[in-house]
Amino acid sequence: MSRGRRWSGSSHRLAALFLAVVLPPSVALVWLGAQLLQQDRSLWAQRELERRQAAAQAAVRSLEQSLTDAERWLAEATLPEGVARLTVSAPGVDAYPPGRVLWLPVAPIAQPAATREFIDAEALEYQGQGAQALRRYELLARSSLPAVRAGALLRVARVHRREKRWDAALAAYRQLAEIDQISIDGMRADLVARRASCFLFEEAGLKADLSTEALALEADFLAGRWPLDHPAWELMAKQLPEWTGHAIQPPPGSLALAAAAEWLWSEWQKSSGDASAFPPRRVLAVNAVENMPVTLVLRRAPGEKLDALAILPSHLQTWLSGVRPHSDPTLTPNRGPAPDEPLSLLTESGEVVVGPRPTPGSGGVRHVASETGLPWTIVLNPSDPPRPMQEFGARRQLLMWGLAAIVLLLAGGSYLLWRVIQQELAVARLQTNFVSAVSHEFRTPLASLRHVTELLEEDDELPRERRKSFYDVLGRNTDRLHRLVESLLDFARMEEGRKPYDPQPVNAAALAERVVADFKKDDRAEGVAIEFDAAEAAAIDVHADSASLAHALWNLLDNAVKYSSGERTIRVLVERHPAGVAISVRDAGLGIPRREQKEIFRKFVRGETARRLGIKGTGLGLAMVAHIVRAHGGAIELESEEGAGSTFRLVLPVVAEGPAKAGHYAPISGSG
Ligand code: ADP
């Protein structure tokens, strides 16, 4: 018990020692790997930042170039989509190309329609002499002067309309709509005519005509056909839906440009027409249209004028696309941002002009307007999701695999080492058990020898009979010790391969019968019934060293007796076997648990029950049997059930059938 505790104690100590040796290098390795990975990560982050900074610089240069190129448009006739030229001077703001700006701060001045020529005719008209007035108007409507013609046509239409002569009134309006350089009450004559036509259709209840006319008017209005000031534009914008039945949808870009023109005009007035008071470039977050700040590139023009290029975000977008000519995201610096890294342009106050809204703290690279000389703050946003650690990927993978391999090797090696140590421990344990078992085996006969010798010494006068019985005891115990020592030496010889075997043809049945007969005479067979049956295999010869084979059979008989309780009948059977001949020893004893059935053939191994019940033994008997049988080219089989008994079967190859000698062997007894 205490020995068991000692063994388990040392096993625990060994486990602790083992962990102490294996764990620190494993932990250190993992820690080292983690450190290396961390280092890689920060190196990558640093490189990424540097690359993004270089990319942002490239973006700044590219945008600078775009702006410089754009300045050419201040003098060019064709402007790309999303760009308008506004020229500010004392009379107002002029927009180019026409129609791209929805309204102007001051409508351009056109020649007004004539009025004086109609004073007489109008007097007639108001006195109720409409026909006469009409004739005069019609006469003037044929004038070669557009201003007179416009005034006359307007009046012709008025007279007809009053008299509900719709067709005639409409014809006059149609003619008036042909005149576009004359203004009537601040509005172009053609616009006045087309509006009046709509009113006429409304008045006449001609709904279909009204709708057609209004839709055409709406299209021209939204295309910016007429340079209107803001109030006039608003008036139209309010009126049109009443006729068309739907709200007007002006292009947002044009609205933003109109708002920019208004802003320019008010600034111009504030500066009292001083073009030099304007910074050359700026970006305006005009409120007329949400999310459409207009970028202005300004230049002083000859004749106290200010030229401005108004650029919409939609056009800036094309500049931003131009910033990334390389879709190749390799790390070469100055190559511009990678395709998945969005650029944003912001106003001074942080409103987004183009691009996504930068997330604060996301690590975007920022260049403010004051440092670049560009009108915007430029932000190069990091890609989302973050870019993989490309060139570190392979290194990282290698590192991971290397680490995994080392850890695996370490774990595997440790496991093997652990197994070996465990096995060594087990052998050491078995050997200790063996030594103690052998000591016990020696102790009993020695004690008895000592006791009898003392008795003989004490009394010289012992009767002859008694003296003889003492000598018998001395003889038996000396024999026992002799057998024990011989058996141990025999086993040692077997182990070292020094045991000589002298195989001869032997009749298996005869040999077995002889061993059984000898065993029956031994002390230990006392009270045990041993049945023998060899009828089936009486004439079978095996090639065997009789003494060794007898020794093996003796050991089996010895075990059968030792491990039998209750019914003590042993059956020895010699029979045919597919592999030759089988000599089996069957008992109805303790039986052997399945888990032990293989182990008990190893040296020093003793069964759990044997140890628990204190049955004497050394754990060598079956190891010897197995050794002997193997040396004969045979095998040992075991069938056993716990509590029901066991059958050990020695299977030996056959030589020939026929009469053979039983074989001679020195009578021996088992060692187990
Ligand atoms: P020993 O008998 O000296 O212990 P052996 O090598 O002869 O050593 O046997 C090994 C173990 O096998 C025994 O300790 C016992 O547990 C088991 N054993 C052997 N023969 C029998 C048997 N006939 N019945 C039950 N158990 C047996």
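In listed order, ligands and their atoms are each counted from 1. Count residues from 1 along the sequence.
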*Below 4.0 Å from any atom of ligand 1, is there a heavy atom belonging to F648?*
yes
_Atom indices of ligand 1 within 4.0 angstrom of V605 heavy atoms, with elements_ = 10 (C)
*For ligand 1, is there an atom lying under 4.0 Å from some heavy atom of L590?*
no
*Identify whether the distance between the nearest side-chain nitrogen and carboxylate oxygen of E486 and R483 falls below 4.0 Å.*
no
*Would you call D523-R476 a salt bridge at under 4.0 Å N-O?*
yes
_I'd like the name of whichever of D587, V585, L556, N559 reaches closest to atom 19 (C) of ligand 1 through any heavy atom._
N559
*Taking the non-hydrogen atoms of V625, is any one of them nearer than 4.0 angstrom to ligand 1?*
no
*Does F434 have any ring pair (Phe, Tyr, Trp, His ring centres under 6.0 Å) partners at least two apart in sequence or in another chain, and if so, which?*
F604
_Proximal ligand 1 atoms for A610, defined as those under 4.0 Å from one of its heavy atoms_ = 14 (O), 16 (O)
*Run the salt-bridge test on E461 and R466 with the 4.0 Å N-O cut-off and return the result as yes or no.*
no
*Under the salt bridge (Lys or Arg N to Asp or Glu O under 4.0 Å) test, residues paired with R602 that sit two or more places apart*: E599
_Interfacing atoms of ligand 1 (cut-off 4.0 Å, heavy-atom, K562)_ = 1 (P), 2 (O), 3 (O)
*asked:* Would you say Q38 and D40 are linked by a side-chain donor-acceptor pair, where the criterion is simply a distance under 3.5 Å?
replied: no
*Residues E50 and Q46: side-chain donor-acceptor under 3.5 angstrom*: yes
*Backbone or side chain, does any N or O of E596 fall under 3.5 Å from an N or O of ligand 1?*
no
*Should G619 be listed as contacting ligand 1, given a heavy-atom distance under 4.0 Å as the test?*
yes
*Side chain, backbone, both or neither: which part of E608 comes within less than 4.0 Å of ligand 1 when only heavy atoms are counted?*
neither
*What atoms in ligand 1 come closer than 4.0 Å to a heavy atom of I600?*
11 (C), 12 (O)
*Check whether any side-chain N or O of K562 sits under 3.5 Å from a backbone N or O of K616 as a donor-acceptor pair, and report yes or no.*
yes
*Under 3.5 Å, N or O to N or O, is G607 touching ligand 1 that way?*
yes
*asked:* If I apply the N/O under 3.5 Å rule, does K616 come out as touching ligand 1?
replied: no
*Salt bridge E639-R586, side-chain N to carboxylate O under 4.0 Å*: no
_Using a 4.0 Å cut-off to any heavy atom of I592, which atoms of ligand 1 qualify?_
25 (C), 26 (N), 27 (C)
